[in-house]
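Some notes on the structure that comes next.
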Protein chains: 2
Amino acid sequence: MSSDNPTTRTRILDATWTLLETGGSKVRMSDIAKAAGISRQAVYLHFPSRAELLVATTRHIDAAKDIDARLAGSRSATSGPERLARFIDAWGTYIPEIHGVGRALMAMQDSDEEARKAWAGRMEALRQGCAAAVAAIVADGALRPELTESRATDTLWMLLSARNWEQLTQEAGWSQADYLAAMQDIARRSLIADI
Amino acid sequence: MSSDNPTTRTRILDATWTLLETGGSKVRMSDIAKAAGISRQAVYLHFPSRAELLVATTRHIDAAKDIDARLAGSRSATSGPERLARFIDAWGTYIPEIHGVGRALMAMQDSDEEARKAWAGRMEALRQGCAAAVAAIVADGALRPELTESRATDTLWMLLSARNWEQLTQEAGWSQADYLAAMQDIARRSLIADI
DNA sequence: CGGGTCACTTTACATCATGTCAAGTGATAA
DNA sequence: TTATCACTTGACATGATGTAAAGTGACCCG
C-alpha cells in the first residue's frame, strides 16, 4: 500500500473527506469511488475496508491541518488555568474539522471492531490532553480541592466530547464562538478553585 | 395492531428490552424472535419494522417504570435550585433504564429516518424538562446574569445527554452516584448565580 | 358439527451495502 | 517484445431487513 501512486490514493482520501463533510454519514464506497473518478473495486486496491479508509482519512486530515502543532501550542502556557483555556481552544477548533469522519466512525462503532478501536484511540488522545491540562492545574495548586485529578480529567473529557460539540452547534444552533466560550466557562467553574 | 394478543406482543417487547440491556446494540430481529419464543416473521405481525419495535420498547419501558410520575416529582420543588437538583436526579436515574434501547436507536439514526425522529423526540422531551427547570431558576432570580434562559437550557440539555452518562459510567468507570453528584455540581456551578 | 377466523409457522424471495475473485486492458518500462 | 502495474469489468458470497404466500392448529359462532 505504501508503493501506491499517491495521486489516486490522495484523491480517494480527499473525496472521502469532502463527502463526509457535506453529505452526512451515509456515504457508500460507490459514492466515494465515483467522487474520486475511479471504479468501486479500485478503492479496495488502496484500502482494505471502509473502516480503514475512514481511519486513514482522519490521519489525512490531521496531516493537512497540522493538528499536532496546534495542540502543542497549549503546552507553552505559563499557568494551569491558562493551559486549560488554550487546550479547550485547540481541541474545540479541531472537532469541527474532523466532525464528518468522526460521525461516520461513531456510526460504525457497533458493527465494526476496527472502527471502534479507531474512535477509541481518538478519544484516548483527547483524554491524555485533558489529563495534561489537569496536571498543570494541579501543579499550580488551582484544582478545586473536592476533586481528584482523575475525576477532573474525566469531567473535562466528557465536556469536550465530539457529541457535545455536535449537540450544541448542530442541534441547538450555537455558533462556534458560543460553544468555545461556554466550554471555557463551564470547565473553569467546574475545575478551578475559587480565588 | 391494537387488537393483538397482549401476551405475545409483551413477550416481544420484554425480549427486546432485556436483549438490548444485556447484549449490546447489535441485536437482530431473529435474536428477538428467538428470545420471545416465536418465529422471526411473527415479530413483523406485531411491529412493522425494527425501528418501530425499538420505539415501542421505549414506551413499554416508560410505562413499566412509571417515568411520568417520577419526573413529576421534580415539579413540586419549592425553589428553582432545588427543582434543578430534583430534575437532574430524576433524569439521571432514568437514563440507565433506557440506555440499551437508546443506544440501539442512536446507532440507527443515520440509516433510518423513523429512528432518528424517535430519538429526537426523546431528546426534545429532555429539553423541555431542562427548560422547565431553568424557568424555575429564573423565576427565583437565581440564574447567573451572564446567561440567557435559552442558553442555560441548552447547557443543561447537553450536560444531561445520554452520551455523557454513557461516557462517564461505561467508559470512565464512574458509579451512578458519582455521575449524579458530578452533574449536580457542574450544573449548579454553571447555571446558578453565586450567593 | 361444520366453517371461518386468528395467530402463528414455514419457505422463498427481493434488496442493499460490503467485500472477494478473476479475467481483461492499456500504458509504461526493462 | 514482454512483463508489470494500476485500474476496469463483471460476477458472486454474505448478512441483515423486509415482503409475500401458503399451510397449520385452536377456538368460536351459528
Side-chain angles (χ1 to χ4, degrees), chain A residues 1-16 19-20 23-57 101 103-118, chain B residues 1-16 19-20 23-57 101 103-118:
Chain A
M1 219 178 337
S2 54
S3 67
D4 284 342
N5 175 0
T7 66
T8 298
R9 190 174 197 273
T10 304
R11 263 202 337 263
I12 296 172
L13 291 169
D14 285 337
T16 308
L19 281 179
L20 285 172
S25 86
K26 55 184 182 105
V27 175
R28 291 157 298 189
M29 295 299 266
S30 53
D31 297 329
I32 293 167
K34 188 182 297 183
I38 58 176
S39 71
R40 185 176 73 91
Q41 314 321 325
V43 178
Y44 286 99
L45 296 177
H46 294 267
F47 304 95
S49 70
R50 187 172 184 272
E52 290 221 32
L53 170 56
L54 295 185
V55 174
T57 304
V101 191
R103 253 180 76 96
L105 231 27
M106 288 176 73
M108 289 184 73
Q109 277 210 109
D110 297 302
S111 58
D112 191 295
E113 175 61 16
E114 208 190 332
R116 204 198 55 69
K117 281 193 296 188
Chain B
M1 215 176 342
S2 54
S3 66
D4 285 340
N5 175 1
T7 66
T8 298
R9 189 173 198 274
T10 303
R11 262 198 343 259
I12 296 172
L13 290 170
D14 285 336
T16 307
L19 281 179
L20 285 172
S25 84
K26 54 184 183 105
V27 176
R28 290 159 298 190
M29 295 298 267
S30 54
D31 297 328
I32 293 167
K34 188 182 298 182
I38 59 176
S39 70
R40 185 174 73 89
Q41 312 322 324
V43 179
Y44 286 98
L45 297 176
H46 294 267
F47 305 95
S49 70
R50 188 170 182 273
E52 289 221 32
L53 170 56
L54 295 185
V55 175
T57 304
V101 192
R103 253 180 75 97
L105 230 28
M106 287 177 72
M108 289 184 73
Q109 277 211 109
D110 297 302
S111 56
D112 192 294
E113 175 61 15
E114 209 190 333
R116 203 197 56 68
K117 281 192 297 188

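Just so we're on the same page: letters track the sequence lines, and every chain starts at 1. These figures come from a predicted structure and were not determined experimentally.
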Distance from A:Met106 atom CE to B:Met106 atom CE, nearest 0.5 Å?
6.5 Å
Just the rounded figure in Å: distance from P of C:dA17 to CG of A:Asp31.
8 Å
Among the nucleotides C:dG19, C:dA7, D:dG18, whichever has the atom closest to the side chain of A:Arg50 is C:dG19
Please confirm whether the shortest side-chain N or O distance from B:Thr8 to OP1 or OP2 of C:dC8 is below 4.0 Å.
yes
Considering just the side-chain nitrogens and oxygens of B:His46, establish if one lies under 4.0 Å of OP1 or OP2 belonging to C:dC8.
yes
For nucleotides 9-16 of chain C, list the nitrogen or oxygen atoms of the protein found under 3.5 Å from its nitrogen or oxygen atoms, one pair per line.
{"unit_1": "C:dT9", "atom_1": "OP1", "unit_2": "B:Ser39", "atom_2": "N", "d": "3.1"}
{"unit_1": "C:dT9", "atom_1": "OP2", "unit_2": "B:Ser39", "atom_2": "N", "d": "2.8"}
{"unit_1": "C:dT9", "atom_1": "OP2", "unit_2": "B:Ser39", "atom_2": "OG", "d": "2.6"}

Those residues at least two apart in sequence (or on a different chain) that pass side chain to side chain contact (heavy atoms under 4.5 Å, CB included) with B:Asp110 are A:Ser25, A:Arg103, A:Ala107
Taking atom C1' of C:dA7 as reference, at what distance in whole Å does atom CZ of B:Arg11 sit?
11 Å
With the threshold set at 4.0 Å, does a side-chain nitrogen-carboxylate oxygen contact exist between A:Asp31 and A:Lys34?
no
In whole Å, I'd like the distance from the CG atom of A:Leu53 to the P atom of C:dT18.
11 Å
Separation of atom NZ in B:Lys26 from atom P in D:dG15, rounded to whole Å
13 Å
When rounded to the nearest 0.5 Å, the distance separating CD of B:Gln41 from CG of B:Leu45 is 8.5 Å
Atom CD1 of B:Ile32 and atom P of D:dA16 are separated, to the nearest Å, by 13 Å
Taken in chain and number order and not counting sequence neighbours, the residues that satisfy side chain to side chain contact (heavy atoms under 4.5 Å, CB included) with B:Ala51 are B:Ser49, B:Met108, B:Asp112, B:Glu114, B:Ala115
Contacts of type side-chain hydrogen bond (donor to acceptor under 3.5 Å, both in side chains), residue B:Arg116, not counting sequence neighbours:
B:Glu113
CG-OG1 distance between B:Leu53 and B:Thr16, expressed to the nearest 0.5 angstrom
4.0 Å
d(A:Met29 CE, A:Arg40 CZ) to nearest 0.5 Å is 8.0 Å
Give the rounded distance in Å between these two atoms: CZ of A:Phe47 and P of C:dT18.
15 Å
Interatomic distance, B:Tyr44 OH vs C:dA7 C1' [rounded to whole Å]:
18 Å
Interatomic distance, A:Glu52 atom CD to A:Arg50 atom CZ [nearest 0.5 angstrom]:
13.5 Å
Estimate the overall bend of the helix from C:dC1-D:dG30 to C:dA30-D:dT1 from the end axes over five pairs each, rounded to 10 degrees.
20°
Could you grab the distance from atom CG of B:Leu54 to atom CD1 of B:Ile32, nearest 0.5 Å is fine?
6.5 Å
Test your reading of the model: is there a side-chain donor-acceptor pair from B:Asp14 to the backbone of B:Arg11, 3.5 Å cut-off?
no
Spacing of A:Lys34 atom NZ relative to D:dC7 atom P, expressed in whole Å:
19 Å
Let's see if you get this right: which residues in residues 103-113 of chain A place a heavy atom under 4.0 Å from DNA chain C?
none
